[in-house]
Every structure is written in C-alpha cells, then in structure tokens.
Amino acid sequence: MGASDGGRPGRRIGVLGGTFDPIHHAHLFTAEVAASAFRLERVLLVPARRSPLKGRAAVPARERVAMSRLAAAENPLLEMSTVEVDRPPPSYMADTLGLLGQRFEGADLYLILGIDALQDFLEWREPERVLDQCRLIVVSRPGYELAVPPPFAARLGARTGRILMQPMPELGISSTDIRRRIGTGEPVRYLLPQGVERYIRERRLYNKAEP
Ligand code: ATP
Ligand code: MG
C-alpha cells in the first residue's frame, strides 16, 4: 500500500507534465480529453522544475506552480503535483513516474503528451524505463501528424504498443505565444484561465517582450 493513495488496483491516473510557463486552456482541454477517453480518475499537473531538453523557464518554478494551482482549483479532475519542483533539477520523467508509482501503488499511470512533445521522446533519459512505468496518451497539436514517428519501433520494439494516439480538435495555443502577447500588449483572454491571467497581471510576469 502506498502512504496515502495507494492500494486499489485498476485506478487510472493521468500525468500531464510541462513547463506551464504559463498554463493555458490547451493544457486543460488536453487533460479533459485524455481523462474522458481513457477513464482517468484524475490528472496530475506536474510542472517541471527544469525540463532537461528546454532552457530556463521565463518565470521561476514557484510562479508556475502557483498558476497551475489556480487552474487545478477550478476542476475536480485536476490536482497540482509538486513531485518535480520538490527535487533538484533537471526533472527526468522516468524518476518522476517512479515516485508517482509509489504514491499510487497498483494504479495504472498514463502520461499525457502533445504530439510535438512526442518528437523528442527518444532523447529523454531512459525512454524504455518511462514506458515500462506508464502508457503514453498522445494528443493532436497543429502542425504535426498524429502518428508514432518511424524511428520509434526500431528503438522501442513492442513497447511502441504502449503509445496511444488520441485525436482532439487542434488548438493553436502555446505558452510561447502567450508570453509574446503579454510582452506586446496583445490580448490573451480566453487563451488561459481568467484567474491565471489575473495572477500574471498582478505580478507583472512576462512583461519583457522576449518570449
Ligand atoms: P512552450 O511554448 O513554452 O513550449 P507549450 O504551450 O508547448 O509551451 P508546455 O508546457 O511545453 O506548453 O507543454 C506541456 C505539454 O502540453 C506538452 O506535452 C505539450 O505537447 C502539451 N501541449 C501544450 N500546448 C498544446 C496544444 N495547443 N495542443 C496539444 N498539446 C499541447
Ligand atoms: Mg512546449
């Protein structure tokens, strides 16, 4: 049994990792679509302290956690998880899943990714160990074909079967574009939760024009 949540087999827990710099409506819609399609009982929002393949985030982890917490508070499906920001960087998903596997002992973990993020998956640390600990749910994003890239089968073999494609309406929303818009004074309302926008305005985050 895990410390607090473990035990019951057959539970399905979604894990949506990201920089969340800031969290936006495409992240939240993705969580909803994946949960509905795969009967996930909850989706953990897991902001990365520092993702190994990305540079520094535009704002510190504590701000990204606060914004993700505001977004999670509006939806009982969602739970903010500090499993990555609580440990020293970089944030390797293989380790994160190990920790979540202890917390949700006996549960099936589903890591949710946009198809853009899947393109880098073979460069992650120990992709095999990631797939041994979870299934991937991969959703559509504009500009990418929703398919497993050809090199995956050669590297991952039968584990490729643990990568599940979930079509969804494509949403051309990105944190990069939101940061840029805030820097130039263009509107961001309806791209992200109102409470998150309010938080950004109050703390004057992303005011520099650089994305
Ligand atoms: P950035 O522009 O800073 O990279 P982002 O909008 O891509 O930000 P991330 O925090 O990098 O957001 O993404 C977290 C996860 O959410 C990734 O798996 C990514 O593919 C997915 N995601 C983000 N935006 C979308 C979108 N518009 N449609 C589908 N998936 C998305
Ligand atoms: Mg991204």
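First listed ligand is number 1; within each ligand, the first listed atom is number 1. Every value quoted in this text rests on a predicted model; they were computed, and no experiment measured them.
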### Contacts of Glu63 that satisfy side chain to side chain donor-acceptor pair (under 3.5 Å) - sequence neighbours left out
Tyr199, Arg203

## Note on the structure
Contact set, ligand 1, heavy-atom distance under 4.0 Å, ordered by chain/number, equals Gly17, Gly18, Thr19, Phe20, His24, Ala26, His27, Thr30, Lys54, Leu113, Gly114, Asp116, Ala117, Val139, Ser140, Arg141, Met168, Leu171, Ile173, Ser174, Ser175, Thr176, Arg179

### Query
Among side-chain atoms of Arg87 and Thr96, is any donor-acceptor pair under 3.5 angstrom?
yes

### Query
Leu45 and Ser68: which non-hydrogen atoms are nearest, and at how many Å?
CD1-O, 3.8 Å

#### Entry: Heavy-atom pair of closest approach, residues Asp132 and Arg162
O-NH2, 4.0 Å

### Query
Side chains of Leu156 and Leu131: closer than 4.5 Å at any heavy-atom pair?
yes

### Message
Just so I know, are the side chains of Phe104 and Leu44 near enough to count as touching, which here means a heavy-atom distance under 4.5 Å?
### Response
yes

